[in-house]
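For reference, the structure discussed in these notes is given below.
Below, read A as the first sequence line, B as the second, and so on, with proteins coming before strands; counting in each chain starts at 1.
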Amino acid sequence: MSGKQLEKIYEPKQVEDRWYRHWVEKGYFHAPLAHPGEPYTIVIPPPNVTGSLHIGHALNNTLQDILIRWRRMQGRNALWVPGMDHAGIATQNVVERQLSTEGSSREQLGREKFIERVWAWKGQSGGTIIQQLKRLGASCDWSRERFTMDEGLSKAVREVFVRLHEDGLIYRGERLINWCPRCLTALSDIEVEHEDTKGKMYHISYPLADDPNTALTVATTRPETMLGDTAVAVHPEDPRYRHLIGKKVRLPLTTREIPIVGDSILVDLEFGTGAVKITPAHDFNDFEAGERHKLPRLTIFNHLAQLDPKGLKAAEVEETVTSEIQNLPVSKARSKVEQALKARDLLVKTEDHKMALGKCYRCKTVVEPYLSPQWFVKIKPLAEPAIKAVEDGRIRIVPESWTNNYLGWMRDIKDWCISRQIWWGHRIPAWYCTSCNRAAMVEAASSTSSQRAYTFLATAQPMVGRTAPAQCPACQQKDFIQDPDVLDTWFSSALWPFSTLGWPEQTPDLKKFYPTSTLVTGLDILFFWVARMIMMGLKFMGDVPFRDVYIHALVRDAEGQKMSKSKGNVVDPLHVMEQYGTDALRFTLAAMASPGRDIKLAEERIEGYRNFANKIWNAARFILMNLDGPREAVSPKDRPFADRWILSRLNRTIREVTASLEQYRFDQASSHLYQFIWHEYCDWYLELIKPALQNKDSVEATRTRQTLVETFETVQRLLHPFMPFISEEIWQTLPHEGESIVTQRYPAPTPDWDSKETETEFATVERFVSTARTGRSLLNVLPGKALTLFGTARDPEQWTTLVNRQSYAAHLSKGTITADKAPDKWGARVLRLPAEGLIVGIQVEQDVDLRDALVRISKQKQELSKECERMEAKLSNREFMAKAPEDVVAEWRQRIVTLKRESDLLADSERQLQEMTA
RNA sequence: GGGCGGAUAGCUCAAUUGGUAGAGCGCUGCCCUUACAAGGCAGAGGUCACAGGUUCGAUCCCUGUUCCGCCUACCA
């Protein structure tokens with residue numbers, strides 16, 4: 001025995017870490033500028049610096065790694081840019097939680113110290129996910145790792161902000177925004193998750209000011225907001241109410257009177273009572289209605305979503321009511337207001353009502369519409385080119401079905417609120433002159449005696465620039481305060497495809513690798529991230545950020561439930577890798593990545609692919625044990641039958657896997673690999689060649705050993721993008737050239753491996769063997785016992801195959817075969833089984849239990865005759881004969897002949913068996 | 001409310017210009033045959049959600065229904 005001997009069972013742990021370190025040390029993942037290949041670039045969807053690898057990351061990065069390794073092996077200059085984003089709100093939450101366990105807070109620490117603290121945290125425990133990606137085998141170019149808060153990327157953020165502002169695409173203004181009263185910051189529209197909730201609809205009576213006996217009834221789901229109402233709207237064409245437009249109602253629980261206005265946008269004639277209260281400071285629609293009718297805005301909640309005494313006073317709320325509800329959170333105040341209305345007999349009725357409640361996507365707190373000065377991106381001018389790029393195919397979304405989703409959203413896009421009232425992130429590059437803005441400065445809640453902090457009202461005049469201004473152009477003063485807000489994290493992620501490559505500098509990387517090739521991501525961030533990258537890429541690079549967007553599925557648990565920590569149904573990829581090996585996890589995820597379908601991940605599947613890895617491992621063992629002796633590389637046509645066959649099949653597999661990858665059909669590619677390796681290579685090929693190998697010194701053996709090495713080495717390369725570790729480990733033990741499989745060429749089809757004739761011949765052998773084995777099983781012949789077999793075929797080609805390939809068929813059937821054209825003369829104790837034109841005869845020994853065989857053959861005969869009847873009915877249908885295409889008719893005719901013949905033979909066999917039993 | 005997708009073997013999913021329905025896992029039987037029991041061989045299992053329509057022929061095309069997902073939305 002020569003060469004290396006392998007353990008009996010594949011042990012991933014002994015392999016994975018070793019190879020990964022080796023690959024990195026050798027720099028195989030580095031994409032050099034001088035590389036002659038056409039670039040193939042992927043930028044990683046940057047995971048949160050707070051994150052740790054979950055199964056969704058595992059899927060996302062496995063698919064990227066498959067693409068990158070595949071393209072790298074194809075000779076492309078493959079660059080996978082890794083990195084993380086700073087996850088403003090999430091990271092700030094993590095560090096604040098830490099501070100609170102220490103009895104401190106960010107306010108106590110002060111802004112500067114707090115940010116130092118976040119960096120310290122990042123240095124220590126941030127970014128564990130990077131290590132976990134390495135564990136997954138991700139072949140990123142780690143020398144190019146980026147972080148959204150890096151100096152370079154921060155510079156890009158400032159540059160983009162300033163340029164957008166110069167172009168009039170960034171503005172500051174007081175608007176209603178989504179406010180998280182727990183995170184104490186604004187959120188963009190898409191950072192709000194909507195959740196169906198059971199609520200109540202309250203019908204409240206608003207008496208007319210000049211006629212208290214008449215009242216308008218308004219309906220609302222949030223009765224507490226009525227205290228901030230500044231009008232009631234009715235439809236201008238509503239005959240019930242239109243005469244009231246211009247009159248006033250007395251707003252209950254307050255001393256105010258508010259006007260009745262006509263508004264055809266806000267009011268739906270069909271819905272509710274036909275009268276709508278308007279609360280411009282606490283509802284998005286009402287805000288707009290307020291604009292239309294020039295209504296005042298009364299803010300009655302504070303930033304914690306509590307009823308604000310000052311606001312209540314300004315809204316002229318009755319003191320008895322105020323004292324009941326002031327400083328209560330919204331949810332508690334609601335019932336108090338309900339009671340107060342009831343006591344005054346103004347609550348007409350309440351009914352159950354289903355509604356969608358907005359919640360903060362980070363902390364699930366109910367979000368409040370909140371009136372405050374914020375920074376916005378005017379998005380329409382950016383969206384238009386981004387729509388066009390997808391419409392005209394410069395960007396392709398795969399699967400295509402998501403394209404409409406994207407387009408629909410983009411066409412209806414709203415301005416993007418980019419300011420966040422937190423400290424961790426890119427601070428907005430805008431400054432306020434303290435003397436010009438004195439009236440617009442308010443001391444902030446976080447202000448302390450040692451560190452003054454301010455917020456700026458909507459009336460403040462910011463100066464936007466790359467650096468702080470030196471002198472105020474208006475008053476010549478030199479005292480400035482920078483805007484305290486930071487930018488939405490997605491603002492910096494939107495620049496990721498070019499900021500990571502060095503923009504705004506015109507770096508060689510940027511020139512070489514932009515636009516990137518493919519973006520791989522989940523549907524959940526199509527709008528958050530993908531859409532914004534497209535807009536920013538087009539605006540600042542003048543070209544799309546990527547050609548293809550591959551959208552993969554969401555991973556769910558085996559029952560189809562979304563995985564969540566609270567449900568306890570998460571599959572931890574680290575645990576899976578530990579238990580089954582990384583390659584098994586990767587292959588599972590690839591195999592299950594059917595387009596447009598969520599992945600329901602059951603652990604048994606992973607186990608199945610662990611077994612697959614082991615199967616490959618054992619095939620390698622077998623091959624290494626049989627490699628002793630000379631090898632002769634001759635052209636395929638001069639190789640033994642089995643070799644010609646497997647070369648032809650391998651060629652087909654190479655084509656299929658490559659075509660599947662080109663279409664992002666990871667599932668198909670995996671299934672072709674699995675099918676070929678296990679069921680063709682291992683089940684048939686390795687068995688077919690055993691006799692030849694045993695005769696070590698034969699010419700056949702020298703040629704087969706060569707084929708064995710060639711094909712198995714090729715299989716490893718074909719498999720490598722999917723199962724990088726085991727393929728490298730095995731490849732290294734096989735005769736090979738080059739130092740690592742990572743940098744070898746991906747297999748390409750070799751035309752002279754194709755052999756249609758051999759495949760046809762093999763099909764005959766396979767059919768014969770399977771039939772013989774079925775016979776063995778029916779007759780309860782033990783696997784070890786040799787069979788005495790006969791065989792014949794009607795078709796001359798099949799007959800020739802049977803004669804020529806007799807030794808293979810005999811070996812795999814474990815018996816001796818007599819090829820004989822006259823099956824009637826095989827003898828009374830030879831059971832004949834039909835198989836699509838073949839007849840296989842099996843010598844039946846004495847004292848064999850024939851019941852199984854009899855049952856089976858009778859059943860089969862019945863099925864066949866049933867099918868014959870069906871087909872005959874068809875063929876006697878005049879319309880079918882007249883209208884069906886000729887080839888279909890011919891096919892059915894042919895089929896019925898075969899079926900009849902087989903059914904006759906089965907009848908014979910049945911009779912024969914009955915005689916033997918008797 | 002609108003939009004999209006799905007319903008195929010016990011489970012998870014494929015497939016088809018409309019002409020005999022496939023795989024993996026699971027299940028049953030036999031076998032520790034020196035690559036592999038994380039294995040081998042053989043097998044069972046399907047009115048392709050329901051109801052109509054088009055067609056010589058429908059799992060596939062059309063219409064409707066039911067159920068299940070997801071996205072989206074200001075019905076107070």
Side-chain angles (χ1 to χ4, degrees), chain A residues 6 8-10 194 201-203 218-222 233 265-268 270-279 283-289 353 355-356 399 401-402 404-405 408-409 412 523-524 526-527 554 556 558-560 562 580 584 591-592 594 596-602 604-605 607-626 667-668 670-671 674-675 678-679 682-683 686-687 690 769-770 773-778 780-785 814 852 856 867 870-871 874 877-885 887-889 891-892 895 899:
Chain A
L6 304 177
K8 201 167 171 181
I9 284 179
Y10 175 58
H194 293 272
M201 182 74 86
Y202 300 80
H203 294 251
V218 300
T220 179
T221 54
R222 308 179 62 204
I265 299 174
L266 186 65
V267 183
D268 179 349
E270 310 292 315
F271 187 83
T273 61
V276 185
K277 62 195 272 311
I278 302 182
T279 322
D283 182 284
F284 291 103
N285 296 313
D286 293 6
F287 179 86
E288 282 169 27
H353 184 73
M355 55 188 187
S401 51
W402 297 121
N404 279 336
N405 221 327
W409 189 77
D412 192 36
L523 182 67
D524 47 342
L526 181 64
F527 306 137
L554 187 73
R556 298 166 173 280
E559 272 73 52
K562 215 168 181 167
Y580 300 105
M592 298 188 80
S594 296
R597 219 180 237 278
D598 282 346
I599 296 178
K600 292 188 195 167
L601 186 64
E604 302 86 71
R605 295 304 298 268
E607 197 183 335
Y609 292 116
R610 187 263 325 251
N611 296 354
F612 178 49
N614 196 50
K615 186 77 182 176
I616 299 168
W617 185 253
N618 277 290
R621 289 181 65 218
F622 170 79
I623 290 166
L624 290 171
M625 284 175 194
N626 285 284
D667 57 329
Q668 282 181 1
S670 318
S671 138
Y674 186 97
Q675 202 59 32
W678 199 314
H679 296 303
C682 293
D683 285 353
L686 294 184
E687 295 304 327
K690 277 179 180 173
V769 172
S770 294
R773 283 169 173 172
T774 302
R776 175 191 290 274
S777 181
L778 287 176
N780 297 310
V781 182
L782 289 183
K785 198 170 171 199
K814 290 213 174 97
D852 285 354
R856 164 67 187 274
E867 206 182 331
R870 236 188 65 224
M871 299 188 110
K874 196 120 199 167
N877 181 331
R878 286 205 348 248
E879 282 198 284
F880 173 76
M881 297 304 285
K883 291 182 183 167
D887 55 329
V888 171
V889 176
E891 202 186 313
W892 285 63
R895 177 109 192 106
L899 285 178

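Among the heavy atoms of the strands, none lies under 4.0 Å from A/Val218. Within the nucleic acid shown, A/Ile278 has no heavy atom closer than 4.0 Å to any nucleic acid atom. Heavy atoms of A/Phe527 sit under 4.0 angstrom from primed sugar atoms or phosphate atoms, though from no base atom. Within 4.0 Å (heavy atoms only), A/Gly274 reaches at least one base atom of the nucleic acid. Using a 4.0 Å heavy-atom cutoff across all strands shown, A/Asp852 reaches no nucleic acid atom at all. In this structure, A/Met871 reaches neither bases nor backbone, as no heavy-atom distance under 4.0 Å exists between it and the strands shown. Across all strands, A/Ile623 comes closer than 4.0 Å to no nucleic acid atom at all (heavy-atom distances). Residue A/Met881 is out of contact with every strand shown, counting any heavy-atom pair closer than 4.0 Å. Here A/Glu288 lies out of heavy-atom contact (under 4.0 Å) with every strand. Note on A/Lys785: nothing from the nucleic acid sits closer than 4.0 angstrom, heavy atoms only.
At a cut-off of 3.5 angstrom, the base of B/rC36 holds no donor-acceptor pair with the side chain of A/Lys8.
For the side-chain hydrogen bond (donor to acceptor under 3.5 Å, both in side chains) test, residues two or more places apart in sequence or in another chain that qualify with A/Tyr580 are A/Glu603. In this structure A/Phe287 satisfies the ring-ring contact (aromatic ring centres under 6.0 Å, His included) test with no other residue, sequence neighbours excluded. Checked against salt bridge (charged side-chain N to carboxylate O under 4.0 Å, His left out), A/Lys690 has the following partners two or more places apart in sequence or in another chain: A/Glu687. Scored by the side-chain hydrogen bond (donor to acceptor under 3.5 Å, both in side chains) test, A/Arg621 finds A/Asn618 as partners (sequence neighbours excluded). The ring-ring contact (aromatic ring centres under 6.0 Å, His included) check on A/Tyr202 picks up nothing, with sequence neighbours excluded. Under the side chain to side chain contact (heavy atoms under 4.5 Å, CB included) criterion, A/Ala591 pairs with A/Tyr609, A/Ser670, not counting sequence neighbours. Residues passing the salt bridge (charged side-chain N to carboxylate O under 4.0 Å, His left out) test with A/Glu891: none are found, sequence neighbours excluded.
Applying the 4.0 Å criterion to OP1 and OP2 of B/rG39, one finds that A/Asn611 has a side-chain N or O inside that range. Here A/Lys814 does not reach the OP1 or OP2 of B/rC41: none of its side-chain N or O atoms lies under 4.0 Å away.
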Inset, instruction - For RNA chain B, just give me the dot-bracket, please: Watson-Crick or G-U, both distances below 3.5 Å, ( ) intra-strand, [ ] crossing earlier pairs, | paired with another strand, . unpaired. - result: (((((((..((((.....[..)))).(((((.......))))).....(((((..]....))))))))))))....

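Judged by distance alone, with hydrogens and angles left aside, the side-chain atoms of A/Asp412 form no donor-acceptor pair with the main-chain N or O of A/Gly408 at under 3.5 Å.
Projected onto RNA chain B by closest heavy-atom contact, A/Arg776 and A/Asp268 fall at different nucleotides, the more 5' of which corresponds to A/Arg776. With RNA chain B read from its 5' end, the first of the two nearest nucleotides for A/Ala275 and A/Phe612 is the one closest to A/Phe612.
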Could you go through nucleotides 23-28 of chain B and list every protein N or O atom that sits under 3.5 Å from one of its N or O atoms, giving the distance for each pair?
from, atom 1, to, atom 2, distance (Å)
B/rG24, OP1, A/His679, NE2, 3.2
B/rG24, O3', A/Tyr674, OH, 3.4

Find every protein N or O atom lying less than 3.5 Å from an N or O atom of nucleotides 7-10 of chain B, and list the pairs.
none

Under 3.5 Å, N/O pairs linking protein and nucleotides 53-61 of chain B:
from, atom 1, to, atom 2, distance (Å)
B/rC56, OP1, A/Lys883, NZ, 2.3

Legend entry - Base-contact (B) and sugar-phosphate-only (S) positions in nucleotides 42-48 of chain B, heavy-atom cut-off under 4.0 Å, - elsewhere: SS-----

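Distance, A/Asp887 CG to B/rG18 C1': 14 Å, rounded to whole Å.
Here B/rC30 is the nucleotide among B/rC30, B/rA35, B/rU20 with the atom lying nearest to any side-chain atom of A/Leu782.
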